[in-house]
Every structure is written in C-alpha cells, then in structure tokens.
There are 2 protein chains.
Amino acid sequence: MAASPQPFEPPPGAAFLLSALGSLAAARFAERVAALDLAPPQVGLLRAIAATPGQSQQAVAQLLGTPPSRLVALVDGLADRGLVERHRNPTDRRLHALHLTDAGRATLGRLENLGQEHDNDICGALDTEERARLRAMLIRIAEDQNLTPGVHPGYRRDC
Amino acid sequence: MAASPQPFEPPPGAAFLLSALGSLAAARFAERVAALDLAPPQVGLLRAIAATPGQSQQAVAQLLGTPPSRLVALVDGLADRGLVERHRNPTDRRLHALHLTDAGRATLGRLENLGQEHDNDICGALDTEERARLRAMLIRIAEDQNLTPGVHPGYRRDC
DNA sequence: TATTGTTATACTCTATAACTATA
DNA sequence: TATAGTTATAGAGTATAACAATA
C-alpha cells in the first residue's frame, strides 16, 4: 500500500541542512555582536585587519572578496568608534594602511569569548568528540570548495 | 619563543564554519534555481504548499515563520507562471487555499534532481558514509535548536 | 594616464502598518 | 468587531559607476 503523504518529502539533504543551520548560526551571531554594537561584517573586517595589519583598503577588500567601496563605510564605522585607524602612507599618500587600536584589540578579545559562547550555543547537542568530528568534516568541505580560511563567503558577490 | 603571527587566530569554530558553508550552499543553490527562474524563497514556498496543500496563506505564513504580507508577492510570482493556484473557499470567501498545479508539481520534480546535484556539489569532499554522519549530526543540532524540519529559518525574522 | 579611496545612485529584499473585503 | 489578504511605505544592505586626490 502507498505511504501516507508526509510533510516535506524528500527529506532535506546535507546541503539544505548546512544552509538552514548556517542561517540560524549567522542570525544568532548577529544578535550576540549587536550587544557590542557591531554588525557581522564589521566583525569580519576587524578580524581581517588583525590578521594582516597595515594593509591597504584595496588589499583587505581583495582578501574579503568585496568591492573596495563597501569597505569605506565599514572602516568609517569602526574608525568613528576608535577601534581601527587609517594610517596614511607618507611615500604614497593614496594608500591608507589599516590598523587596530588598543580598543580594537580589546574588542576583538571580547569577541573571542563571545564566539566561544556562540559555538557552545549552536553545538550544544554534540559532545566534545562529535564537535571535533563535525569541525573536521566542515573544514574538509571548505577546503574542497576553495574557501579562504577564516573569511566568510558572505562578503563575496561571485561564489 | 613566541609563535609567529598567523592569519585569523583563533581558528574558526564549528559555528563559524556552519555559517560560512551555509552561506556558500545558499548562494550556490540560488544560482542553480535561477536557471528555472526561481528564487530560493519561492522554492521553499513551493515545497511548503506541496507538504500541506489547501492551507490558507496565513497558515502557510505561520508554518514558514514569515509575515503574511510577504507571501502575497511570493504567491503572485508563482501563480503568474501557473505553478500554484489560489482556490477561494466558498463558505468563507476571505480564505485562499493554496494548491500546486500540474506544472508546479513538474517543477518540484525538477527541483528534486537539482537538489541532489547541489548536494553532490557541496559535499563532494565526503564519501557516502561520511555524508550520512554529517547529515545525522546536523539533524541533531537542528532538532536541538527547535527548527521546523524542512523549513529554512531564513524566513523567520525572530530566531 | 593609472590607481586609491570616496561618493552618488539605484536596486533588492524585507518588515510594518494602513487598507479592503468578507465575516 | 474581527480576520484574511493586500497595498503602500520605509528601511537596511549592497553593487555599480562616476569622481577627486595622488602618483
């Protein structure tokens, strides 16, 4: 006999689940960093500047995969609050080298704790060993897909 | 001695990887369904109507977790192309029962194949057994987070 | 003339709230 | 008066392209 009609057949595959849980994780992360008056793209920029200090806006834009014009408002917002600084290069005054301030580094430290809490919130259903296995699989997928480590592909318009 | 400076420390946790890969998966899926002239929210609506045919727009809106006003344009787009129909309830003419047309069911069938290709694209780095383990872990996280199975949380404004 | 950063503009997506029609 | 659906409006976020300063 035929099966009775079930909601949402066929059951979603791993890619759908990744998209759904990724969306959830991103929304929850946005809530968390909102407590520090930051938006996720600003957090990514803060981390990018910390990873490669002194780079020009063009260079950081290329690293993140975003148009340079988008960086302007992002840097403005962080600079207005004293988290990053633009250092004008004396030999080529077109270039603005980006650096974190002490306050920026302090904020990054707070973000680190906040990120751990976020991880525990999202992965609470898994024990430590399972979490490590999940992480290992996700890293393999990310490498296979040529994602730049540490960079969120949400910055990219291509993909 | 101190470690040399490394990009993006500390290494991203599972939640960041979920967000990043979810974003990638969503973008790739959007590209795929664009070939059928569909946007991802339309696909989710198509699947929701198939899962619970004959429901009102309010009921579907509640299932998806989205404001009813958002459904209007979504249903309009699918109805204009003959994929869904609004059946007015004769006993209460305020209600529009949503149904798929034959063309809508055919499109859903094409989306099913397309979803499998998408899954293979995203999870190409994993073998069948690993993919099943990944899927099982993601389902456990989704249940732990009270996600409605089959519904993408991107529809929700709360979370 | 080429390049860095900036600004201006327009477009997409979405939520909120007002509105219409049915009850 | 309450409810289903619709429309109008506004806001956030982003990309594209024009622009100014510097080389």
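The basis for the numbers below is simple: all heavy atoms, side chains too, and nothing from hydrogens, waters or symmetry mates. Reminder, nothing fancy here: chain letters follow the sequence lines and each chain counts from 1.
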Rounded distance in Å - CD (Q58(B)) to C1' (dA23(C)): 14 Å

Side-chain touch V43(B)/L36(B), heavy atoms, less than 4.5 angstrom: no

Polar side-chain contact T66(A)-dT14(D) base: donor and acceptor under 3.5 Å: no

From dT16(D), dG5(D), dT6(C), nucleotide with atom closest to Q57(A) side chain: dT6(C)

Comparing S69(A) and A59(B) on DNA chain D - which has the more 5′ nearest nucleotide: A59(B)

Contact nearer the 5' end of DNA chain C, comparing D76(A) with L95(A): L95(A)

Sugar-phosphate only, base, or nothing, as touched by S56(B) at under 4.0 Å among non-hydrogen atoms: sugar-phosphate

Nearest to side-chain heavy atoms of P41(B), which nucleotide of dA15(C), dG5(C), dT14(C): dT14(C)

Side chain R70(A) and base dT14(D) donor-acceptor under 3.5 Å: no

Pi-cation contact, F16(B) with R47(A) (under 6.0 Å, within 45°): yes

For atom CZ of R156(A) and atom C1' of dG13(D), their distance in whole Å: 18 Å

Side-chain ion pair, R133(A) and D127(A), N-O less than 4.0 Å: no

Below 4.0 Å: OP1/OP2 of dT6(C) and any side-chain N or O of R86(A): yes

Minimum-distance nucleotide to H96(A) side chain [options: dT22(D), dG5(D), dG5(C)]: dG5(C)

Distance, rounded to the nearest Å, where L71(A) contributes CG and dT7(C) contributes P: 14 Å

D92(B) CG - dT3(D) P separation (whole Å): 12 Å

Per R93(A) side chain, nearest of listed nucleotides dG5(C), dT22(C), dA23(D): dA23(D)

Under-4.0 Å salt bridge between D121(A) and R32(A): yes

Donor-acceptor pair (no angle test) under 3.5 Å: R94(B) side chain, dT3(D) base: yes

D80(A) CG to dT6(C) P, straight-line distance once rounded to whole Å: 12 Å

Nucleotide dG5(C), atom P - distance to CG of L45(A) in whole Å: 13 Å

Aromatic ring pairing H87(A)/H99(A), orientation class (parallel under 30°, perpendicular over 60°, tilted between): tilted

Gap between atoms CG and C1', on N89(B) and dT3(D) respectively (whole Å): 14 Å

Value in whole Å for how far the P atom of dA12(D) lies from CD of Q42(A): 14 Å

